[in-house]
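In what follows, chains are A, B, ... by sequence order, proteins preceding strands, each numbered from 1.
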2 protein chains.
Amino acid sequence: MKKKPATIKEIARKLRISPSTVSRALNDHPSIGLVTTMRVKKMAEELNYEPNQTAIFFKQRKTFTIGVILPSLSEPFFSSAISEIEDVAKDHNYMVLMGQSHDDADRELQILQTFKKHRVDGILISLGKNTEDLSFIELLEESEIPVVFFDCVPNIDQVNKVYSDLSSGMKEAIEAFASIGHRRIALINGPENLLATQERETAYKAALTENNLEYNDKYIVHTDLTEQGNIEATEKLLALPERPSAVISFNDFVTLDVMKYARQKGLVQKKDVYFISYANYPLWKYMENPPMGSIEQYPDKQARKAAEILFENLEAKDPIEPKTVVFESKLVLK
Amino acid sequence: MKKKPATIKEIARKLRISPSTVSRALNDHPSIGLVTTMRVKKMAEELNYEPNQTAIFFKQRKTFTIGVILPSLSEPFFSSAISEIEDVAKDHNYMVLMGQSHDDADRELQILQTFKKHRVDGILISLGKNTEDLSFIELLEESEIPVVFFDCVPNIDQVNKVYSDLSSGMKEAIEAFASIGHRRIALINGPENLLATQERETAYKAALTENNLEYNDKYIVHTDLTEQGNIEATEKLLALPERPSAVISFNDFVTLDVMKYARQKGLVQKKDVYFISYANYPLWKYMENPPMGSIEQYPDKQARKAAEILFENLEAKDPIEPKTVVFESKLVLK
DNA sequence: TTGTAAGCGTTATCAT
DNA sequence: ATGATAACGCTTACAA
């Protein structure tokens with residue numbers, strides 16, 4: 001026994017007035033008499049009337065929904081980002097459609113297409129680590145859906161993007177190490193094809209130079225970010241004749257593996273070796289022996305800004321020039 | 001210069017055929033000739049036609065969207081839950097609207113209403129810790145939106161629910177402690193008003209009895225789950241004349257604080273005191289000195305099952321009897 | 001095999 | 001102050 005939700009027509013029929021009057025009354029249109037308005041509202045109440053938003057979405061060509069694509073919510077970085085996004089969306093009376101790419105470019109594209117099908121009003125996206133084909137951006141431009149990239153952003157102009165400048169934190173990290181006497185500072189970097197990897201490398205070299213430290217390519221190793229890869233990278237460093245005394249790694253997860261492995265090899269942290277990494281893991285405070293510091297990238301600030309830019313676009317009458325916002329990363333000592 | 005998306009009408013006009021033929025051709029309706037079908041598809045391609053889903057949603061009274069409400073994505077438990085849900089949804093060609101209650105009953109209700117407004121086809125919800133007013137359930141029943149509760153479920157019949165039986169894990173934990181000689185086993189429980197707290201307490205007492213251990217109410221303390229609360233609870237236990245040698249806590253986050261505090265007080269883990277807690281933190285493997293074990297509740301299994309039940313309901317012709325599925329919690333030693 | 005027309009629920013325009 | 005009508009884009013009886 002399905003009882004369909006009440007409609008404006010029904011209210012109109014019961015009240016023997018026209019649907020348009022009902023519509024206006026419900027929207028407190030000034031031209032409708034107080035009495036009528038009251039009668040309509042009362043009847044709406046009685047019938048448990050709820051406007052059919054799908055009809056409204058359809059008519060208004062707007063869904064009050066934004067789509068968010070990010071690699072994985074299991075990374076604290078992104079779960080904290082999406083929380084901010086949800087809050088901003090809520091303030092604008094929008095809902096959030098969510099999709100995880102799991103760093104899979106195909107899946108990313110598929111989510112994007114589904115978002116488009118669902119006619120989201122705007123899109124926030126943090127690209128997956130393997131996304132290389134950026135042609136979808138043109139597609140989005142054609143369909144005039146505003147897009148803001150954050151965190152992992154495409155290396156092109158004329159798009160909205162919010163990201164973190166990795167070099168400021170790298171500089172602080174190397175300064176911090178240098179100031180307590182380290183001269184052999186290694187970098188455990190990520191997969192070589194990643195922009196994020198290249199940025200770290202550039203920043204690393206620049207910061208060494210600024211601190212009058214010699215660059216030695218033996219001190220840069222790479223990991224594919226798996227546990228196995230992290231361990232292999234560590235082994236390479238440990239095998240060096242002049243072992244590094246300080247290590248900066250791609251992210252906290254890498255450092256966790258590296259620290260564990262180094263511990264097994266009998267190395268004592270903050271004595272034999274010091275660690276700093278790009279932050280994506282907020283629970284160091286519980287560790288008995290945390291690394292020396294983390295380079296923070298402030299996912300919440302990035303995400304909020306990205307969402308705000310998106311809503312500026314959504315609420316603007318005329319197209320807005322693409323914006324780029326960069327937040328400095330910052331070393332935070334533990 | 002806005003170019004509106006192409007519509008079926010446009011294709012029809014250009015091809016000088018009727019919109020219905022176009023519609024049928026696009027949907028591979030068997031009655032339409034192959035030639036026509038081809039011509040239509042070609043033209044659709046040329047015009048970059050994309051069906052306006054909002055119109056389809058409206059007409060079909062379906063949005064192919066499910067809403068998921070959960071307390072907070074920052075808890076690994078829930079981020080892993082929502083990943084499963086997203087995967088199941090994807091298999092059914094559904095999208096996921098996401099809302100975090102942050103354990104705030106008002107916000108929970110508000111999200112629920114927005115979901116209803118957006119006409120989601122179904123809802124998955126893990127109740128917040130403070131939700132006491134369950135009257136919204138009737139509202140949902142009236143609007144005939146299928147709902148499946150998971151993890152934190154209401155204590156009523158005639159609803160779909162999937163949750164974890166806390167007592168099996170508690171039993172295993174106490175057995176594990178008893179088998180290595182512990183006789184003074186404490187419970188650091190959560191806020192007293194929570195169902196989850198009451199369940200733990202009941203299970204704790206039952207398990208003690210089963211293992212011929214004496215129950216002493218001094219060994220149950222409560223925390224409000226803040227760091228401060230966790231520490232105070234620990235202090236109470238440490239102040240006891242006969243200090244417990246083993247501690248089961250409400251969840252891993254509590255244990256993290258407790259372990260840290262105990263360490264500061266000079267207690268050595270797995271010598272002076274042993275820990276087990278309900279799992280919500282998957283990164284113990286990186287710890288130098290993890291607790292003895294965690295009681296797993298398998299968020300992924302719960303969430304998947306809940307989603308599957310939801311889709312059964314969504315795809316069923318006739319109403320389905322409410323289902324209850326219980327997974328046993330399990331002690332996993334580290 | 002294809003076309004015609006009605007309808008989904010709402011709102012905006014134009015009349016009265 | 002209120003009503004009639006059309007329109008949003010699509011699907012689907014029913015007709016031809």
Side-chain angles (χ1 to χ4, degrees), chain A residues 2-44 47-65 116-121 143-144, chain B residues 2-41 43-44 47-65 93 116-121 143-144:
Chain A
K2 262 194 196 162
K3 57 172 164 309
K4 275 183 206 158
T7 70
I8 281 191
K9 281 186 193 169
E10 246 174 275
I11 301 180
R13 196 155 27 77
K14 299 229 174 190
L15 256 39
R16 302 170 165 282
I17 57 180
S18 90
S20 35
T21 306
V22 175
S23 169
R24 284 187 275 242
L26 289 171
N27 292 303
D28 290 310
H29 194 289
S31 78
I32 300 296
L34 189 58
V35 210
T36 320
T37 305
M38 297 293 278
R39 288 196 337 132
V40 168
K41 291 205 172 174
K42 184 149 158 287
M43 181 58 75
L47 297 180
N48 269 314
Y49 170 75
E50 285 209 69
N52 182 341
Q53 293 285 350
T54 63
I56 298 175
F57 293 162
F58 168 47
K59 190 157 213 305
Q60 314 211 319
R61 300 190 150 74
K62 242 173 139 339
T63 58
F64 296 96
T65 304
K116 221 174 131 192
K117 266 181 42 179
H118 277 243
R119 290 286 209 271
V120 296
D121 294 339
S143 56
E144 309 211 33
Chain B
K2 264 196 197 165
K3 58 172 163 302
K4 275 184 205 155
T7 71
I8 280 191
K9 279 186 196 168
E10 246 173 276
I11 302 180
R13 196 153 28 78
K14 299 227 174 190
L15 255 38
R16 301 170 165 282
I17 56 180
S18 90
S20 43
T21 306
V22 176
S23 169
R24 287 186 271 244
L26 289 171
N27 291 305
D28 289 310
H29 194 288
S31 77
I32 301 296
L34 189 59
V35 211
T36 320
T37 305
M38 297 293 279
R39 287 197 337 132
V40 168
K41 291 205 171 174
M43 180 58 77
L47 297 181
N48 269 313
Y49 170 76
E50 284 208 72
N52 182 341
Q53 293 286 351
T54 62
I56 298 176
F57 293 162
F58 168 48
K59 186 149 216 307
Q60 314 213 320
R61 300 188 149 77
K62 241 173 141 333
T63 58
F64 296 95
T65 304
N93 278 309
K116 219 173 133 195
K117 266 181 42 176
H118 277 243
R119 291 283 209 271
V120 296
D121 294 338
S143 56
E144 309 212 34

Which ones in residues 17-24 of chain B lie close to DNA chain C, meaning a heavy atom under 4.0 Å from one of its atoms? B/Ile17, B/Ser18, B/Ser20, B/Thr21, B/Arg24
Go through the side-chain N and O atoms of B/Ser23 and B/Ser20 and say whether any donor and acceptor fall under 3.5 Å apart. no
Residue closer to the 5' end of DNA chain C, A/Ala6 versus B/Gly33 (nearest nucleotide): B/Gly33
State plainly whether the residues A/Glu50 and B/Lys116 are in salt-bridge range, i.e. N to O under 4.0 Å. yes
Validation row: B/Thr7, B/Asn52 side chains within 4.5 angstrom (heavy atoms): no
Using atom types as modelled and distance alone, determine if a side-chain donor or acceptor of A/Asp121 lies under 3.5 Å from a backbone N or O of A/Lys62. no
May I have the distance from A/Lys9 (atom NZ) to D/dG3 (atom P), rounded to whole angstrom? 16 Å
Separation of A/Ile8 atom CD1 from D/dG3 atom C1', in whole Å? 14 Å
Between B/Thr54 and A/Phe57, is there a donor-acceptor pair closer than 3.5 Å when you use the side chain of the first and the backbone of the second? no
Would you say the rings of B/Phe64 and A/His118 are close, in the sense that their centroids are separated by under 6.0 Å? no
Taking every heavy atom of B/Leu47 against every heavy atom of B/Ala6, the minimum-distance pair comes out as O-CB, 3.6 Å
What I'd like to find out is whether the side chain of B/Leu15 reaches to under 4.5 Å of the side chain of B/Ile11, using heavy atoms alone. yes
B/Asp28 has an atom CG; how far is it from atom C1' of D/dT11, in whole Å? 15 Å
When you measure from the side chain of A/Thr37 to the backbone N and O of A/Gly33, does any donor-acceptor pair fall under 3.5 Å? yes
Rounded to whole Å, please give me the gap between CG in B/Asn27 and C1' in D/dT12. 11 Å
Please report, rounded to the nearest Å, how far the P atom of D/dC14 is from the NE2 atom of B/His29. 14 Å
Spacing of A/Leu15 atom CG relative to D/dA1 atom P, expressed in whole Å: 18 Å
Whole Å only: how far is the CZ atom of B/Arg16 from the C1' atom of C/dT2? 16 Å
From CG of B/Leu26 over to P of D/dT12, roughly how many Å is that when rounded to an integer? 13 Å
Within residues 47-65 of chain B: residues closer than 4.0 Å to DNA chain C (heavy atoms): B/Phe58, B/Lys59, B/Arg61
